[in-house]
Amino acid sequence: MIRVVVTGEAIDIAAELASLETTGGGAVASFTGLVRDDGGVAELFLEHYPGATEAALARLAEEAVVRWSLMGATVVHRVGGMAPGERIVFVGTAAPHRAAALEACSFLIDRLKTDAPFWKRETRGDAASWVGERGSDHTAAGRWR
Amino acid sequence: MIRVVVTGEAIDIAAELASLETTGGGAVASFTGLVRDDGGVAELFLEHYPGATEAALARLAEEAVVRWSLMGATVVHRVGGMAPGERIVFVGTAAPHRAAALEACSFLIDRLKTDAPFWKRETRGDAASWVGERGSDHTAAGRWR
Amino acid sequence: MQILYFAWVRERIGVGQEVAAPPADVVTVADLIDWLAARGGGHAEALAEPAKLRAAVDQAFVALDAPIAGAREVAIFPPVTGG
Amino acid sequence: MQILYFAWVRERIGVGQEVAAPPADVVTVADLIDWLAARGGGHAEALAEPAKLRAAVDQAFVALDAPIAGAREVAIFPPVTGG
């Protein structure tokens, strides 16, 4: 099962996990990224490249399924405006064994950060600014190449 | 936040994750282990060592919190009888960054398998048998020492 | 050829997409960026530093020296910051 | 001294716990296992192969050569298989 969603709605992680639990893999791993306050962020806005983003996420999910023999891989990414504490991204995997599920989960979130066309804009007070790329994200993604 | 539960009730992973999401860590990772059918298992029964089990899980959670600077670590383990597809174990972590959350999650489930006094008995048809230890679990746990 | 802009590139240029018909000597994405920047105004402001830009040709990420011949859609944007 | 048994050790012995007062020459967990096995019956069946057994003294996992002097509670069980 591969499930890729880019949505303006709140992410329902309970529903996503329930769906992964029905794939027959006995091991389900997940990662959820939340909007951080980071000392005064009022709103985080996520922009994406419609079509290209979904295709990039689907390619990552397919690569993970093949590489770790997953029974399920789910990537849900929120777009639009959101407040601190809200979920930005959910990545979930189902596999026969725990190491595969957890490693594939790391792979998906690391590679999503560098390979999928999303852009973050933070608003602090009246000032909005686009978030710059982080070298550490490229280092993390490079582990999987 | 450290939360350790050994319970005869179904594990509510949505509630556990919601609790981890309130700790202030922007990265939440989880692992859920499900009862596998494994070609005909009708029931899995989990026995534990009351008191010693909870203490072993709390030690692991405390070690994870210190080693990965977690804001939250949750371990919930089911005991008693359960059917294929039901959740045996949930491990969840909350951290400022994703690598810490995911690594700590791997650590907790790997070490739980060798360090916490639980025993599994499978029933297939009319025959019940105690599950033997797996060398691969000791290898996995050894990574973290 | 459809040109798409995202994030601060879009904001500075003022539109998310436009149609362009670059001349034959505009061969690579980098050439296209220079050609668009020469329009001045928001285009010049957004596209002044190609080192800060990334691109996709027909929805595939490419380096800026990639050719644009035959492309239906070229997207120009800052480094991605999702997740 | 409280002795606890778990999993197939408990099933073969037929009880989950019992009180025992081993003599002074029962110094280690291994000695205790041999002494209990000498009772025959379920004890002998459960405790015949110490290599298949693990133990905890006062709820701390120990090797079978660990001393039991002063212990309030000794648990004897197969290798753990949780998670």
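Labels below follow one simple rule: chain letters A, B, ... track the order of the sequence lines, proteins then strands, and each chain is numbered from 1.
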Would you mind checking if A/E16 and A/R87 are paired as a salt bridge, meaning a charged N to carboxylate O distance below 4.0 Å?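 No.
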
Any side-chain heavy-atom pair from C/L47 and C/V9 closer than 4.5 angstrom?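 Yes, close enough: below the 4.5 Å cut-off.
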
Between A/W144 and A/E63, is there a side-chain donor-acceptor contact under 3.5 Å, judged purely by atom types and distance?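 No donor-acceptor contact under 3.5 Å links the two side chains.
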
For [X], is it the side chain, the backbone, both, or neither that has a heavy atom closer than 4.5 Å to a heavy atom of chain C?
X      : answer
A/T53  : neither
A/A55  : neither
A/D115 : backbone

Please flag which part of C/F6 lies under 4.5 Å from any non-hydrogen atom of chain A: side chain, backbone, both or neither.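 Its backbone and side chain both get close to chain A.
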
Tell me, for C/A60 versus chain A, whether the close heavy atoms (under 4.5 Å) come from the side chain, the backbone, both or neither.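 It is neither, since no heavy atom gets under 4.5 Å.
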
Given A/H77, which partner from the list A/W119, A/F118, A/F90 fulfils the ring pair (Phe, Tyr, Trp, His ring centres under 6.0 Å) test?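 Result for ring pair (Phe, Tyr, Trp, His ring centres under 6.0 Å) with A/H77: A/F118.
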
Is there a donor-acceptor pair under 3.5 Å between the side chain of C/H43 and the backbone N or O of C/A38?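 A pair under 3.5 Å: no.
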
Between A/P117, A/A56, A/G51, A/G33, which shows the greatest number of heavy-atom pairs under 4.5 Å with chain C?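 Heavy-atom pairs under 4.5 Å are most numerous for A/P117.
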
